[in-house]
K.L.:
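There's a structure below that I have some questions on.
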Protein chains: 4
Amino acid sequence: MPREVRERQMLDAAVAVFARRGYRAASMDEIAELAGASKPLVYLYLHSKEDLFSACIRREAEALIAAVQASVDPGAPADRRLWNGLRGFFAHTAAHPDGWAVLHCQARTHGEPFALEVAALRQRLVDVVTRLITETAEAGGCPEPLPEVEVAGLAHALVGAAESLAGWSNGRDGAASCERQTAETLMNFAWTGLENLRNGRRWAPARA
Amino acid sequence: MPREVRERQMLDAAVAVFARRGYRAASMDEIAELAGASKPLVYLYLHSKEDLFSACIRREAEALIAAVQASVDPGAPADRRLWNGLRGFFAHTAAHPDGWAVLHCQARTHGEPFALEVAALRQRLVDVVTRLITETAEAGGCPEPLPEVEVAGLAHALVGAAESLAGWSNGRDGAASCERQTAETLMNFAWTGLENLRNGRRWAPARA
Amino acid sequence: MPREVRERQMLDAAVAVFARRGYRAASMDEIAELAGASKPLVYLYLHSKEDLFSACIRREAEALIAAVQASVDPGAPADRRLWNGLRGFFAHTAAHPDGWAVLHCQARTHGEPFALEVAALRQRLVDVVTRLITETAEAGGCPEPLPEVEVAGLAHALVGAAESLAGWSNGRDGAASCERQTAETLMNFAWTGLENLRNGRRWAPARA
Amino acid sequence: MPREVRERQMLDAAVAVFARRGYRAASMDEIAELAGASKPLVYLYLHSKEDLFSACIRREAEALIAAVQASVDPGAPADRRLWNGLRGFFAHTAAHPDGWAVLHCQARTHGEPFALEVAALRQRLVDVVTRLITETAEAGGCPEPLPEVEVAGLAHALVGAAESLAGWSNGRDGAASCERQTAETLMNFAWTGLENLRNGRRWAPARA
DNA sequence: AATGAATGAGATTTCATTCAT
DNA sequence: CATGAATGAAATCTCATTCAT
């Protein structure tokens, strides 16, 4: 069996086991067995448990990013791009729950090296959103540019909301039909909020 | 030393170690040492690693809920309550990063019993937000009531956004001064979005 | 509460727990709890687990010996004495199964010191039987005295048979009514065998 | 080193240590060291202390039964078969004192699962003896068949006597030369007793 | 007479990892 | 390319035992 195929099987098995058990509780024995290979072969190809986990994170992160980018038409207007990006995000996480669990739940909680890797992924998502927000503001003729820190905060809020909805919507029935609705809910929530910001309408504590 | 004091020290130590290392990687040795007690005493008082972790989750969850509730004036209007609740949430998570890490990052990823416990906490937060959204819609004279599933989705999105911002803002410098600003960013984002929804203004994919 | 009473409660509890769990698996915690006293008090009175176990063995051994002796009339003929001794033995072991379990099952299997103590008890039983056999042989006009080693072997066989029957008969229903029958079975088996030996009738391998 | 060899070494070591220390006091460390292997290997092959103990019991029980059966010629008359069976029993227990100690002293005192296993062995021995007694009675023209419960009692008594003698004779010097004599003593005691029973001669308490 | 508080030592068990083949 | 055999290190948890009061 060629190495590439074997390696993919191993990563598939590892993602499944890491998602189910967590990094520490996952055992190389179980991963090797699920991959249908012997443990020494796993070590020959992937060197160590740490390297294996890193490889999982990298592969799943690339796949997620690629899925989001593939569903966005770079020439479309900002709202369309946001809408399609969200749909791609929800579709991919719903189709690959183990990979999403590794990225979202496991990777951040098991030591710096992994957290950094997943933080880099997250930053790429945040960057995309940040660009959308900025463009939206500019395109809408925002009287004064939004402060940088606020834009970053908004981007984090939006990504967090998307992550939360992904988890919520995947945990319910009829996931397939839900994905579109989930995206719509978030879009309604976010887009109108962004529009208002763009127009300078704000909520202020003093108003209450 | 009286038992209560010792027990609190143990929980403090456990929260710190669980936050830093994760559930599986945390060792009872390290927890006992940090608590300044011997391992058998930890077992005598808290029975097992699982029970200890459960106790941590419960204590931190109660503390967080209490902090949020304490910062909300039940007689105030909906927007004011949301604003104060968010501020309480961000302030408490910023002041107790270890507790927040245990709740947000660790508890959900290490087996059903813990996940259920933290899901219950999250549900309580979501419920509060759900009520706020409904009241806001009613108070604002919403032409037709928002569909239930959409309200739930919005609540999850809002809680997810808050969670995400808590993690982001705590990871930056000057956390104290940031807390207010973080709350303001999210409030601007969310409140105006909610207002628009209330008024029936929506984003629709067909529009693009 | 006076010391003697407390000490008896402790020994009762210890015998019960040792019988149920074995020496090593029995925990001083369980014994103390069952005795209704605190652990330090147990240590104050009985010094250590080893001492406690020794005390149990000694008490139960004395009780068993006393019960057997009390049921034998020293003036009666040999067969009558054997008969009454067996009945006393079966009655006492049936009435005190925990004590018998400690003596028969536990004491011999947990290190030299205890084995010696219980071996001493057993030797006293064997001695009684040995005397009976010798007297029986003499009284019956045995042509030549039985070899010493054979008498010892017979005594051990008889005691072993009695022990085995005690375990068997106690494990069956209607123990009370059984006790007499058990004694009769063994008596029939043993006494007639002894009579034949006394008369020089033997089985020889060459005969077959 | 092939697995089978290693496993046998482990069982040998385990039998020796269990016999010397008892189930609870035996440590897996000591067993592994005596077997010349590392502890993880013992666990890999034999799974747990409980399984290891079970495996010891089973192996030693099979060996004992096999030894007894191998020394009996099924075509020989009843007394000859009893004689040879006893010799086989005494010879095997003398040659394998550790195995006998595990079966006789340890297995019955450490929890139901083990006790059941050893009870099954004992029942097989009792069954053999029961058959012998019945056949003897029939062959000898016993006027009326012995009551079933009495036969069972006799069988238990005989097995108990044999067990007791095995322990006694092994604890003395010159075991090799003793084995035959031990068997002879028991045979003399038992066979003549059985003969008398067969002929209806009984001891009765009223006689005294 | 009696106990709540505390621990050193050691038990079973698991796991990531490496050779020799 | 592939693996059966093997282990050092460390995890959770228990227990007999002792003080200070």
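The sequence lines fix the lettering, A, B, ..., with proteins before strands; numbering per chain opens at 1.
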K.L.:
Roughly how many Å is it from CG in D/L41 to P in E/dT18, rounded to a whole number?
P.N.:
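Taking atom P of E/dT18 as the reference, CG of D/L41 is at 18 Å.
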K.L.:
Nearest whole angstrom, please: distance from the C1' of F/dA16 to the CZ of C/F53.
P.N.:
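Computing the C/F53:CZ to F/dA16:C1' distance gives 16 Å.
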K.L.:
Write down the atom of D/A35, the atom of D/Q9, and the distance for their closest heavy-atom approach.
P.N.:
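Reported closest heavy-atom pair: O-OE1, 3.7 Å.
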K.L.:
How long is the span from the CG atom in D/L11 to the CG atom in D/L52, to the nearest 0.5 Å?
P.N.:
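With rounding to 0.5 Å, CG (D/L11) is 6.5 Å from CG (D/L52).
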K.L.:
Which is more 5' along DNA chain E, the nucleotide nearest B/S38 or the one nearest C/R3? Just name the residue.
P.N.:
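Residue closer to the 5' terminus by nearest nucleotide: C/R3.
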K.L.:
Kindly determine whether B/E30 and B/R21 satisfy salt bridge (Lys or Arg N to Asp or Glu O under 4.0 Å), including the steps that lead there.
P.N.:
CA-CA 10 Å; B/E30 190 179 354; B/R21 306 245 187 267; 2.9 Å; yes
K.L.:
Rounded to whole angstrom units, what separation is found between the CD atom of D/E7 and the C1' atom of F/dA6?
P.N.:
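Going from D/E7 (CD) to F/dA6 (C1'), I get 14 Å.
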K.L.:
So, do B/L64 and B/E60 sit near enough that their side-chain heavy atoms are less than 4.5 Å apart?
P.N.:
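A side-chain contact under 4.5 Å is absent here.
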K.L.:
Please examine the side chains of B/R59 and B/D12, heavy atoms only from C-beta on, and report whether any two atoms are closer than 4.5 Å.
P.N.:
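Side chain of B/D12 against side chain of B/R59, heavy atoms only: contact under 4.5 Å found.
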K.L.:
Closest heavy-atom contact between A/A19 and A/V102?
P.N.:
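Taking every non-hydrogen atom into account, N-CG2, 3.8 Å.
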K.L.:
Does DNA chain E take part in any stems of at least 3 consecutive Watson-Crick or G-U pairs (both distances under 3.5 Å), and if so, which ones?
P.N.:
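So the stems come out as E:2-21 with F:2-21.
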K.L.:
Determine the minimum heavy-atom distance between B/C56 and B/V15, stating which atoms define it.
P.N.:
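Looking at all heavy atoms of both residues, the shortest contact is SG-CG2, 3.7 Å.
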K.L.:
Tell me the interatomic distance from C/Q9, atom CD, to E/dA1, atom P, rounded to whole angstroms.
P.N.:
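One finds 15 Å between P of E/dA1 and CD of C/Q9, rounded.
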K.L.:
How are the rings of A/Y23 and A/H110 set to each other: parallel, tilted or perpendicular (split at 30° and 60°)?
P.N.:
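A/Y23 and A/H110: tilted rings.
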K.L.:
Specify the separation, in whole Å, of atom CD of D/E33 and atom P of F/dT7.
P.N.:
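The distance from CD of D/E33 to P of F/dT7 comes to 13 Å, rounded to the nearest Å.
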K.L.:
Please classify the nucleic acid contact of C/R6 as base, sugar-phosphate, or nothing, using heavy-atom distances under 4.0 Å.
P.N.:
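Touches sugar-phosphate only.
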K.L.:
Rounded to whole angstroms, how far apart are CG on B/L44 and P on F/dT18?
P.N.:
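Checked: the CG to P distance equals 18 Å.
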K.L.:
Taking atom CG of D/L46 and atom NZ of D/K49, what is their separation to the nearest 0.5 Å?
P.N.:
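So the CG of D/L46 and the NZ of D/K49 are separated by 14.0 Å.
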K.L.:
For nucleotides 11-17 of chain E, read 5' to 3', which letter fits each nucleotide if B means a protein heavy atom sits under 4.0 Å from the base, S means only the sugar-phosphate is that close, and - means neither?
P.N.:
-BBBBSB
